[in-house]
Each structure stands twice: as C-alpha cells, then as structure tokens.
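First the structure, in the form of structure tokens, and then the observations on it.
No experiment lies behind these values; they were computed from the predicted model shown.
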Amino acid sequence: MADKINKILEMNKSKKVVLAPMAGITDGEFCKQFKNMFAIATLGGYNIDLTTYEAGLKIEQRGRKEFLIDLNNFNEYIVDQIKKARESNSLVSVNVRFFDIEEAYERLEVIAKHADVIEVNCHCRQREITSLGLGQELMRDVKRLERFLNEMNLLDVPIFLKIRLNYIPIDKLIKNLDVVKDYFTGLHVDCFYPGRPYADLSSLEILSDHFKDKVIIGNNSVDSLEKALEMLKYADFVSVARAVLNGKIDWIKEFNKMF
C-alpha cells in the first residue's frame, strides 16, 4: 500500500492534472488518447452491483450516458479497460457505485489488483442513484459510508472519495469525513457552487486545510491555465472533464511544463 501511495505522490512532482470520470465517456479507449498528459486517468463511473446497474438502465433510458457493463463480464472488461488506460502513461483510478458491497466485493478485488486507485462515488446527483441513498447522499449517511469503507479496508489499493461541495454545509461535511478519515487516502472534490459560474475555492481551502494528510484533487470549471493555478493553491492536483470534451487541452500541456 505504501508503494502505491508513493506513486501518487511522485506524480505530484511532475504532473498536476487528473482526468475526471465522466459516465459513459471515460473508458480505456478515451483515456489512452491523452498520452503523457495526466497524473491520473479516472475510468467510470461504473455500477458494480445489480441495484446500481438497474439504476443505470433507468438513467440511460431518459437520455443520459452511462456505462452499462454486463456484471457477469465486468471483471474481464475492467481489466482490459485499465490496461488500455495505462497506455496514457498515467496512473489509473476507477470510480465505482454500488448498493450491496457483498455483491460488489469480488469486482472491487479485481479493480484493486489492477488499478492504482479506487474512487468511491459520493458525488452523483442523478435521482435514480440518490434515491438508493448513494452518490451525494453518502455524505449524509456516514454510517453507510463507514460500513462500505470498513469492508474495503482490506483491499490493497488507495481509496479516494469523489465528493461534492455545497450539498451539505462545509462544517457537517468535515465532521462526516472525520468519521471515515482513517479509511481514505484522497478526496476528489467537486467545488460545486450553486448559481455561480465558478468554483467554490473558499470551501476547498477550508477542506484542504483540515485534511492536510490527504491527497486533494480540486475539480469544477477548470478550463484554463489561470483557473488551474488558482485551484492548485488549495489542492495537490486539479481535475478536468468538460474542457477535455471540448478539446481545450493546449493549456494542460503548458501547465505540465511548469512542474
């Protein structure tokens, strides 16, 4: 485990940008296009038990993209996707959603064996997921999150949490994260700021100051060198999604040259 955490920290010296997960988009084929660009490429999010798979079907039926991988073939599929993503010369993280950890556990073991990070989705706001008490609802139901993370504690891989700011107050968010702080290595923080066209860097600063011993990835509205540098004041890495989809990546190349 220590070696795997050191690999992440070593990346922090040379690359500062993470490719964020995008449902139905960031598979291995997508990630491998961006060679030598990202510190971490994040696959997913993936639904890895029957309940979340069925929720994904409902999400797709109303027009949103999802990864709908036959659960019987998931292990073979994810090993292949991780292998392809490694062609980018990035570390590989896999973002996951599940309702029944006992059902999902064998798939988590396979991911842990082949990937560098497992990222637990505490971020999704699609009603089909939140109605299950998952996604961003996990930051309200910390007992459920603690049960999940306790079960995952034996996996030989760093665990990150993908979270969203401003869903619950920052003091409550920190209090709940403190309950499970011994179980996770990093926080992938969507600095969501309702009604604002920019990231909530004030809350990110509070969060990162409290969790100085954790890897912090800042996310939301990062699409330029200037915005990346501003967010990097309060994070170890910044992550990007829509900027990549929109082809705005030249600034990332310039950004990487700075480190």
Indicate the atoms forming the closest heavy-atom contact of [X] with [Y], along with that distance.
{"X": "I129", "Y": "A55", "answer": "CD1-CB, 3.8 Å"}
{"X": "K181", "Y": "F211", "answer": "CB-CE2, 4.2 Å"}
{"X": "S239", "Y": "A20", "answer": "OG-CB, 3.8 Å"}
{"X": "R107", "Y": "D49", "answer": "NH1-CA, 4.2 Å"}
{"X": "S221", "Y": "K227", "answer": "O-CD, 3.0 Å"}
{"X": "L204", "Y": "A235", "answer": "CD2-CB, 4.5 Å"}

Nearest-0.5 Å distance, [atom1] of residue [X] to [atom2] of residue [Y]:
{"X": "S208", "Y": "I217", "atom1": "OG", "atom2": "CD1", "answer": "13.0 Å"}
{"X": "I69", "Y": "N47", "atom1": "CD1", "atom2": "CG", "answer": "9.0 Å"}
{"X": "K16", "Y": "L229", "atom1": "NZ", "atom2": "CG", "answer": "10.5 Å"}
{"X": "L161", "Y": "L145", "atom1": "CG", "atom2": "CG", "answer": "6.0 Å"}
{"X": "I170", "Y": "E205", "atom1": "CD1", "atom2": "CD", "answer": "11.0 Å"}
{"X": "D190", "Y": "N220", "atom1": "CG", "atom2": "CG", "answer": "4.5 Å"}

With no hydrogens and no angle check, is any side-chain donor or acceptor of [X] less than 3.5 Å from a backbone partner on [Y]?
{"X": "D116", "Y": "V92", "result": "yes"}
{"X": "D27", "Y": "L43", "result": "no"}
{"X": "S88", "Y": "S90", "result": "yes"}
{"X": "T51", "Y": "F99", "result": "no"}
{"X": "K212", "Y": "D209", "result": "yes"}
{"X": "D200", "Y": "F192", "result": "no"}

Just wondering, do [Y] and [X] contact through their side chains at under 4.5 Å, heavy atoms?
{"X": "L173", "Y": "L165", "answer": "yes"}
{"X": "V240", "Y": "W251", "answer": "yes"}
{"X": "I40", "Y": "L19", "answer": "no"}
{"X": "I168", "Y": "N176", "answer": "yes"}
{"X": "N150", "Y": "Y183", "answer": "yes"}
{"X": "N121", "Y": "V96", "answer": "no"}
{"X": "F160", "Y": "T185", "answer": "yes"}
{"X": "V117", "Y": "I159", "answer": "no"}

Open item on the list: Using the rule given for side chain to side chain donor-acceptor pair (under 3.5 Å), can you reason through R140 versus Y167, listing the C-alpha separation, both sets of side-chain angles and the distance that settles it, and then say yes or no?
Closed with: CA-CA 9 Å; R140 291 186 185 274; Y167 180 59; 3.3 Å; yes

Task: Selection residues 34-54 - residue pairs positive for ring-ring contact (aromatic ring centres under 6.0 Å, His included), sequence neighbours left out - done: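 Listed by first then second residue: F30-F34, F34-F38, Y46-F67, Y46-F74, Y46-Y77.
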
Open item on the list: Tell me which pairs pass ring-ring contact (aromatic ring centres under 6.0 Å, His included) where either residue lies in residues 121-153, with sequence neighbours left out.
Closed with: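 As it turns out, the ring-ring contact (aromatic ring centres under 6.0 Å, His included) pairs with a partner in residues 121-153, which skip direct neighbours, are F98-F148.
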
Quick one: do [X] and [Y] end up in the same hydrophobic cluster if we chain Ile, Leu, Val, Met, Phe, Trp and Tyr together by side-chain heavy atoms under 4.5 Å apart?
{"X": "L9", "Y": "V17", "result": "no"}
{"X": "V18", "Y": "I249", "result": "no"}
{"X": "V179", "Y": "L134", "result": "yes"}
{"X": "V94", "Y": "V110", "result": "yes"}
{"X": "L232", "Y": "Y198", "result": "no"}

State plainly whether the residues [X] and [Y] are in salt-bridge range, i.e. N to O under 4.0 Å.
{"X": "D3", "Y": "K7", "value": "no"}
{"X": "R144", "Y": "E137", "value": "no"}
{"X": "D223", "Y": "R242", "value": "no"}
{"X": "K257", "Y": "E254", "value": "yes"}
{"X": "E87", "Y": "K35", "value": "no"}

Open item on the list: One pair to check against side-chain contact (heavy atoms from CB on, under 4.5 Å): K162 and C122. What are the steps and the verdict?
Closed with: CA-CA 5 Å; K162 177 83 184 289; C122 307; 5.9 Å; no

- [ ] Check the side chains of Q81 and R86 for a donor-acceptor pair under 3.5 angstrom, ignoring hydrogens and angles.
- [x]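 Side chains of R86 and Q81: no pair found under 3.5 Å.
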
Open item on the list: Assess, by modelled atom type and distance only, whether the side chains of D178 and H210 contain a donor and an acceptor separated by less than 3.5 Å.
Closed with: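 Yes - a donor-acceptor pair under 3.5 Å links their side chains.
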
TODO: Check the surroundings of atom CD in E76: do more than 12 heavy atoms from other residues, nucleotides or ligands lie under 6.0 Å from it?
DONE: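 No - once you tally the heavy atoms of other residues, nucleotides and ligands closer than 6.0 Å, there are 12 at most.
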
Task: Reference residue E103; test side chain to side chain contact (heavy atoms under 4.5 Å, CB included); the match among I48, T52, L71 - done: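 Among I48, T52, L71, the one meeting side chain to side chain contact (heavy atoms under 4.5 Å, CB included) with E103 is L71.
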
TODO: Show your reasoning for whether side-chain contact (heavy atoms from CB on, under 4.5 Å) applies to M231 and L201.
DONE: CA-CA 7 Å; M231 186 169 283; L201 296 184; 3.8 Å; yes

TODO: Just do the side chain to side chain donor-acceptor pair (under 3.5 Å) check on R164 and Q136 with the steps written out, would you?
DONE: CA-CA 7 Å; R164 182 189 301 277; Q136 64 184 10; 3.2 Å; yes

Open item on the list: Checking I118 against M152 for the side-chain contact (heavy atoms from CB on, under 4.5 Å) test, could you report, in this order, the C-alpha distance in whole Å, the side-chain angles of both residues, the deciding distance, and whether it holds?
Closed with: CA-CA 10 Å; I118 293 178; M152 296 173 70; 3.8 Å; yes

Open item on the list: Let's go through K58 and E66 carefully: what are the C-alpha distance in whole Å and the side-chain angles of both, what is the deciding distance for salt bridge (Lys or Arg N to Asp or Glu O under 4.0 Å) to 0.1 Å, and is it a yes or a no?
Closed with: CA-CA 10 Å; K58 294 176 183 176; E66 273 288 302; over 6 Å; no

- [ ] Show your working on side-chain contact (heavy atoms from CB on, under 4.5 Å) between E60 and K65 and close with a plain yes or no.
- [x] CA-CA 6 Å; E60 189 175 69; K65 288 187 176 182; over 6 Å; no

